[in-house]
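Written below as structure tokens is the structure these notes are about.
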Amino acid sequence: MPREVEVKSILNKTKKRDSWFLDDYSVNLYSSCSFNCLYCYIRGSKYGSNLEESLSIKTNAIELLDKQLSNRAKKGQYGIIVLSSATDPYLQIEKRYELTRKALEVILKHRFPVHIITKSNLIERDFDLLNKINEKAILPEDLQTSLGRGAIISFSFSTLDDKVARIFEPGAPPPSERLKSLERSLKQDFLSGVSLMPLLPFISDTKEHLNVLFSTFSQLKADYVLPATITLFGDSKADSKTLVLNAIRKHYPHLEKKYLNYFAQGSEMPFYYRDAFYKKMQELLKQYELSNSILEAAEQKKKRPNK
Ligand code: SF4
């Protein structure tokens, strides 16, 4: 059973909007995450090695969100709310607690725009509310012309292979299900694309896998693809670096030496790898005619509304 906690604040104002995710605010209705991805950056001693066991529900979240958004709306401080930055908004328990659905009702009431980032097809339950937010949200002044809509939906992938995902994202719905939701989201004409974070070195960043990924997203006509390399932290048993290295040792022993070499010095892949990675991503984006900017994708979508 997840714990129930009360929090003092639920709406976090970001210092500066990130140019990829366009977050002016973030909201995390749950603490920790039952999708339990081994590479997750929230991992560490605070949550323990099984994120599902430390999962908690913020019971006063909706009431607080209503108050905080009302105050921001009175001051005209409209901005994009990212759901979520440190958990998934559509965890298994969302079916029972409906915190995300209730939060979207409050967001619609105060007319804020949202960016949903998820690994779950449960999001389809809320397409009705997201359609209303899409039409009614008041955008921050500098995004009114470029974005022109109130809902952005990103599906997060590290692989398209369900078997690989079972190792690295053991609690999340399989990528094959996510793909179907991405397709349905695009059919509903949401501004919708892919957060390809993180790609797994020598597993999902191989030439073959990258071609499968990009050709699949291109065929579905995803509005954007945002790719990034992996970052792994910490040496304690609950940290992402330890958990990913354990999984590599168990399932990909031939890659163990490479991973140990790469992550011996720190949390990021070496500069030459990252440099080659981003060059390769630019080539693939061009080859498959995909954008890696949500704003650029929004502009393109406006020019061809019935894609
Ligand atoms: S879904 Fe996101 S927040 Fe949840 S464990 Fe995976 S990476 Fe972390």
Side-chain angles (χ1 to χ4, degrees), residues 2-3 5 7 10 12 14 18 20-21 23 26-58 61 81-95 97 99-100 103 114-124 126 152-162 164-179 181-182 193-201 203-205 226-234 236-247 267-268:
R3 281 185 305 138
V5 294
V7 288
I10 195 73
N12 310 300
T14 54
D18 179 88
W20 274 30
F21 291 106
D23 53 340
S26 67
V27 167
N28 292 292
L29 300 160
Y30 301 101
S31 176
S32 198
C33 184
S34 51
F35 288 174
N36 236 333
C37 309
L38 303 190
Y39 51 72
C40 181
Y41 80 99
I42 70 165
R43 284 191 175 281
S45 54
K46 182 180 166 195
Y47 295 114
S49 50
N50 183 344
L51 294 178
E52 187 165 11
E53 284 168 8
S54 53
L55 184 62
S56 25
I57 290 146
K58 300 180 184 175
I81 302 171
V82 165
L83 271 174
S84 300
S85 59
T87 184
D88 194 290
Y90 292 101
L91 300 175
Q92 293 85 345
I93 50 166
E94 168 62 17
K95 274 191 200 155
Y97 286 87
L99 279 193
T100 297
V114 284
H115 180 186
I116 306 274
I117 306 168
T118 186
K119 284 188 167 88
S120 172
N121 41 350
L122 183 55
I123 189 177
E124 292 182 46
D126 293 342
I152 307 165
I153 300 177
S154 296
F155 291 89
S156 182
F157 293 86
S158 65
T159 174
L160 279 187
D161 186 325
D162 287 356
V164 176
R166 265 202 297 281
I167 297 169
F168 293 97
E169 306 166 347
S176 52
E177 293 296 320
R178 273 173 247 165
L179 268 186
S181 288
L182 169 64
V194 171
S195 158
L196 203 46
M197 301 182 191
L199 282 168
L200 305 160
I203 298 168
S204 59
D205 75 345
L226 311 174
T229 60
I230 197 165
T231 307
L232 296 173
F233 298 102
S236 83
K237 67 176 188 171
D239 287 323
S240 58
K241 196 195 281 190
T242 311
L243 293 169
V244 169
L245 289 176
N246 286 346
S267 46
E268 289 196 90

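Read the numbers this way: they start at 1 and go in the same order the structure lists the ligands and their atoms.
At a 4.0 Å heavy-atom cut-off, the residues surrounding ligand 1 are Cys33, Phe35, Asn36, Cys37, Cys40, Leu51, Thr87, Lys119, listed by chain and number.
In this model, a donor atom of one side chain and an acceptor atom of the other lie less than 3.5 Å apart for Ser236 and Asp239. At a cut-off of 3.5 Å, with distance as the only test, a side-chain donor of Ser176 or Asp162 sits close to an acceptor on the other residue.
At a threshold of 4.5 Å between non-hydrogen side-chain atoms, the residues Asp161 and Ser204 do not count as touching. When side chains are defined from C-beta on, Leu29 does not count as touching Lys58, because their heavy atoms never get closer than 4.5 Å.
Checked against side chain to side chain contact (heavy atoms under 4.5 Å, CB included), Ser195 has the following partners two or more places apart in sequence or in another chain: Phe21, Ser156, Met197.
Pairing each heavy atom of Tyr39 with each of Pro198, the nearest pair is CE1-CD, 3.3 Å.
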